[in-house]
S.K.: 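Just passing along the structure, written as structure tokens.
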Amino acid sequence: AQSVSQHNHHVILSEAASLELGCNYSYGGTVNLFWYVQYPGQHLQLLLKYFSGDPLVKGIKGFEAEFIKSKFSFNLRKPSVQWSDTAEYFCAVIAGGTSYGKLTFGQGTILTVHP
Amino acid sequence: GAVVSQHPSRVICKSGTSVKIECRSLDFQATTMFWYRQFPKQSLMLMATSNEGSKATYEQGVEKDKFLINHASLTLSTLTVTSAHPEDSSFYICSARAGRAKETQYFGPGTRLLVL
């Protein structure tokens with residue numbers, strides 16, 4: 001079965017710092033990749049997704065992620081974080097061939113941005 | 001954007017009672033709904049997948065007689081935790097998808113269940 005691993009449980013940054021959150025998955029076939037964000041007290045929201053094509057995907061709020069197939073990675077980046085980016089971030093994968101589109105989530109990374 | 005609601009947002013019940021949680025897609029028809037469980041400081045774990053009008057598909061290790069799922073319409077799915085026990089206390093989250101397997105899932109706000 002596929003699994004998703006997020007390297008950092010908690011990341012603390014100051015405003016304007018650059019962000020990179022790691023995500024690796026274990027599945028050898030075709031995958032669809034997602035990053036979701038959960039702001040304090042709110043529900044999960046989609047940040048960005050990759051299905052095919054350009055491996056550099058741009059999402060909302062200045063976030064982007066790069067799919068590197070050879071490394072089984074889909075890291076999330078933002079050049080300059082803001083206090084409002086404080087949230088928990090989840091990487092998720094749909095493995096190819098899963099007829100009903102089952103999402104497998106990583107453990108989540110809590111991002112705290114200090115003003 | 002697509003909105004998914006859950007009711008109730010939190011519930012406290014006595015051990016042995018049953019609890020029903022509703023998941024509704026407010027502005028789209030959800031052919032498929034998913035139920036997740038999230039333990040503190042852990043990720044979301046898929047419990048089951050339900051398609052409108054058919055039986056739910058449960059993940060390995062999830063007791064289908066314990067967690068009853070009904071997806072009676074294209075906008076409503078319910079999860080009933082039967083004979084709840086303290087170990088069932090958790091955060092239950094639903095998501096809904098409008099179309100094919102690759103379509104985006106939209107998540108509800110979650111329901112906090114505490115069984116005393």
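In what follows, every heavy atom counts, from backbone to side chain, and hydrogens, waters and symmetry copies are set aside.
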S.K.: For the residue pair A:Phe67 and A:Phe74, categorise the inter-ring angle as parallel (less than 30°), tilted (30 to 60°) or perpendicular (more than 60°).
M.R.: perpendicular

S.K.: Can you tell which part of A:Leu46 gets under 4.5 Å to a heavy atom of chain B, answering side chain, backbone, both or neither?
M.R.: side chain

S.K.: Please state whether the side chain, the backbone, both or neither of B:Gln38 comes within less than 4.5 Å of a heavy atom of chain A.
M.R.: side chain

S.K.: Taking only Lys NZ, Arg NE, NH1 and NH2, and the carboxylate oxygens of Asp or Glu, determine whether A:Lys78 and A:Asp85 approach each other closer than 4.0 Å.
M.R.: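 Salt bridge flag = yes for A:Asp85 with A:Lys78.
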
S.K.: Is chain B contacted by the side chain of A:Leu103, its backbone, both, or neither, given a heavy-atom distance below 4.5 Å?
M.R.: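 Both parts, backbone and side chain.
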
S.K.: Would A:Lys49 pass as a cation-pi partner of A:Phe34, given that its NZ or CZ must be under 6.0 Å from the six-membered ring centre and within 45 degrees of the axis?
M.R.: no

S.K.: If you measure from the Lys or Arg side-chain nitrogens to the Asp or Glu carboxylate oxygens, is any gap between B:Glu22 and B:Lys20 under 4.0 Å?
M.R.: no

